[in-house]
Student: 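Okay, handing you the structure first.
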Amino acid sequence: MSGTTAPPPPEPLTAPRRARRSIALVFGVHGAVTGSFVTRIPWIQHHLDLSAGQLGLALVMPAVGSSLAMPLAGRFVHRYGGRAAVRGLISLWCLALALPALAPSLPALCAALLVYGATAGMADVAMNAQGVEIEERLGRSIMSGLHGMWSVGGLLASPFGILAAHLDLDARIQLAVTALILLALAQPVCRGLPDIRAHEGAEEPPRFALPPRSSLVIGLVGFCAVFAEGASMDWSGVYLRDVTGASATVAAASYTAFSLTMAVSRLAGDAAIRRLGAVRATRISGAVATAGGLLVVAADSPALAIPGFALIGVGIAVIVPLAFAAAGRIGTNPSQAIAGVATVTYTSGLIAPAVIGTLAQATSLTVSFGLVTALACALLLSAGALRLAERNSPGENVTAMSPEKPSGKDLSAI
């Protein structure tokens with residue numbers, strides 16, 4: 001026998017429904033923080049008297065903070081365990097909601113949004129890794145539904161921010177109260193999560209490490225999907241108004257319609273993934289998104305463009321959840337792979353609006369969405385990269401719920 005310590009058997013899900021419900025609610029709380037913040041961005045801009053360019057600079061900071069902090073999530077989980085790490089990081093994310101509105105100047109706002117993004121990214125990695133582990137122990141796909149719950153959380157929270165803005169409430173007070181409410185909700189929710197810990201003798205993850213190469217290929221699939229998502233969410237209203245001649249009301253409603261389409265598709269996506277498998281589901285999704293992009297490019301009226309954007313939403317809805325699920329099954333350090341996929345994927349969301357705007361300025365919005373269509377088509381060719389999401393898939397892994405079945409993974413990163 002070697003001197004290494006064998007990993008302990010995974011903790012059985014004695015209450016699988018509770019575990020699934022708990023992680024779903026964690027995703028909902030995470031989405032609610034985002035939904036609360038975005039509704040008060042106009043107040044923050046007006047309060048600090050920021051130009052469009054200054055606001056744009058500030059809004060880059062969350063993505064920068066996320067990218068820098070995501071690799072640290074695995075270290076938190078290794079040291080404190082999965083349940084405590086998710087609880088601590090989601091709590092910090094809730095509290096960070098209050099920071100941007102308290103900023104007295106542009107530099108302070110950038111610093112606040114850097115912290116806001118860092119806590120968001122670490123919580124995102126920890127809860128996705130927890131979701132992958134719960135999915136494996138349950139023996140069926142749940143990641144698409146979890147991301148659907150994130151969308152639902154944002155949709156449920158945003159009306160409160162809209163109402164606060166309508167009543168002209170001070171965002172400093174409204175976001176602080178919202179942060180405390182979401183913080184209070186997060187505490188009991190996290191109690192139902194399984195307490196996943198590193199086996200004795202497992203090496204602590206480094207403070208910062210480059211993502212493994214295997215995660216980069218998966219990340220590029222997510223990159224294509226999030227580019228299409230970011231472009232559609234930020235530019236669909238402008239496209240409807242300027243290209244198809246839609247009214248201001250129809251153009252303004254495009255974001256809500258697209259978000260609803262994404263949420264519904266993600267909530268229903270797990271059933272399709274279980275039936276089709278990750279690769280076939282990705283190829284079909286890519287075909288649907290490509291058809292939607294072609295419809296948008298060809299549209300000369302809102303009646304054609306709106307269904308096109310809806311098809312893009314349906315087509316890309318399950319791609320990011322599948323990318324995280326595949327990353328979570330790479331090697332012995334799943335959180336490092338998930339962080340790598342998240343970094344590549346979310347970078348796409350950061351650059352997509354700028355790329356679309358620059359290309360539209362040089363050519364036209366129609367040409368810009370031709371690029372979106374091409375990236376959607378790339379999902380058809382790259383679907384095989386997500387095969388890990390179905391290899392030793394949840395459907396074949398039901399024995400993982402047994403306490404006698406040891407896990408070969410180093411769960412320190414989950």
Student: Which heavy-atom pair separates Ala317 from Ser265 by the least distance, and what is that distance?
Tutor: CB-CB, 3.5 Å
Student: Counting distance only, does the side-chain N/O of Ser66 pair as donor-acceptor with the main-chain N or O of Gly117 below 3.5 Å?
Tutor: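 Confirmed, Ser66 side chain pairs with Gly117 backbone.
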Student: Rounded to the nearest 0.5 Å, how far apart are CG of Asn128 and NE2 of His147?
Tutor: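 One gets 4.0 Å once the value is rounded to the nearest 0.5 Å.
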Student: Would you name the heavy atoms of Ala176 and Ala98 that are closest together and state the gap between them?
Tutor: CA-CB, 3.9 Å
Student: Would you confirm whether Gln187, through its side chain, and Leu183, through its main-chain N or O, come within 3.5 Å as a donor-acceptor pair?
Tutor: yes
Student: Please confirm whether the backbone N or O of Ala360 pairs with a side-chain atom of Ser368, one donor and one acceptor, at under 3.5 Å?
Tutor: yes
Student: Would a distance-only check, ignoring hydrogens and angles, find a side-chain to backbone donor-acceptor pair under 3.5 Å from Thr358 to Val355?
Tutor: no
Student: Taking the side chain from Ser301 and the backbone from Thr244, do they hold a donor-acceptor pair closer than 3.5 Å?
Tutor: no
Student: Could you tell me whether a side-chain N or O of Thr119 sits under 3.5 Å from a main-chain N or O of Tyr116, the two making a donor and an acceptor?
Tutor: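 It does hold such a pair.
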Student: Do Asp270 and Ser141 meet the criterion of a side-chain donor-acceptor pair at a distance under 3.5 Å?
Tutor: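 Present: a donor and an acceptor within the cut-off.
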Student: Does the side chain of Val367 reach to within under 4.5 Å of the side chain of Leu371, using non-hydrogen atoms?
Tutor: no
Student: Could you tell me whether a side-chain N or O of Gln130 sits under 3.5 Å from a main-chain N or O of Pro194, the two making a donor and an acceptor?
Tutor: yes
Student: Hey, what do you get for CG (Asp124) to CD1 (Ile338), rounding to the nearest 0.5 Å?
Tutor: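 The distance works out to 9.5 Å.
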Student: Can you name the closest pair of heavy atoms from Ser36 and Leu175 and give their distance?
Tutor: O-CD2, 3.8 Å
Student: For residues Ala108 and Ala103, report the shortest heavy-atom separation together with the two atoms involved.
Tutor: C-CB, 3.7 Å
Student: Any chance you could measure Leu169, atom CG, to Phe160, atom CZ, to the nearest 0.5 Å?
Tutor: 13.0 Å
Student: Show your reasoning for whether side chain to side chain contact (heavy atoms under 4.5 Å, CB included) applies to Leu48 and Leu106.
Tutor: CA-CA 7 Å; Leu48 297 181; Leu106 176 61; 5.8 Å; no
Student: Of the non-hydrogen atoms in Val29 and Cys94, which two are nearest, and what is the gap between them?
Tutor: CG1-SG, 3.8 Å
Student: Among Tyr239, Phe227, Trp235, which one satisfies ring pair (Phe, Tyr, Trp, His ring centres under 6.0 Å) with Phe369?
Tutor: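 Among the candidates, only Tyr239 passes.
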Student: Report the C-alpha separation of Met127 and Trp150 in whole Å, then their side-chain angles, then the decisive distance to 0.1 Å, and conclude whether the side chain to side chain contact (heavy atoms under 4.5 Å, CB included) test is met.
Tutor: CA-CA 11 Å; Met127 71 189 194; Trp150 189 93; 4.2 Å; yes
Student: Verify, without hydrogens or angle tests, whether Ser158 (side chain) and Leu155 (backbone) share a donor-acceptor contact under 3.5 angstrom.
Tutor: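 Looks like yes, one N/O pair under 3.5 Å.
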Student: Counting N and O atoms only, with roles assigned by atom type, does the side chain of Trp93 sit under 3.5 Å from a partner on the main chain of His30, one being a donor and the other an acceptor?
Tutor: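 Judged by distance alone, yes, a pair lies under 3.5 Å.
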Student: Looking at every heavy atom in both Val344 and Leu220, which two are closest together, and how far apart are they?
Tutor: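 Closest approach of Val344 to Leu220, heavy atoms only: CG1-N, 4.1 Å.
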Student: Heavy-atom distance under 4.5 Å between the side chains of Val221 and Ile319, does that happen here?
Tutor: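 Side-chain contact under 4.5 Å: yes.
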Student: Rounded to the nearest 0.5 Å, what separation is found between the CG atom of Asp170 and the NE2 atom of His47?
Tutor: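 NE2 of His47 is found 7.0 Å from CG of Asp170.
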Student: How many angstroms lie between CD1 in Ile44 and CG in Leu102, if you round to the nearest 0.5 Å?
Tutor: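 Going from CD1 on Ile44 over to CG on Leu102, the span is 9.0 Å.
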Student: Is there side-chain contact between Ser285 and Leu379, with heavy atoms separated by less than 4.5 Å?
Tutor: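 The answer is no; the side chains never approach within 4.5 Å.
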Student: Is the shortest side-chain heavy-atom distance between Leu365 and Ile356 below 4.5 Å?
Tutor: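 Side chain of Leu365 against side chain of Ile356, heavy atoms only: contact under 4.5 Å found.
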Student: With a 4.5 Å limit on heavy-atom distance, are the side chains of Arg191 and Arg87 in contact?
Tutor: yes
Student: CD1/Ile41 to CG/Leu50 distance, rounded to the nearest 0.5 angstrom?
Tutor: 11.5 Å
Student: Less than 4.5 Å apart, any side-chain heavy atom of Met149 and any of Val26?
Tutor: no
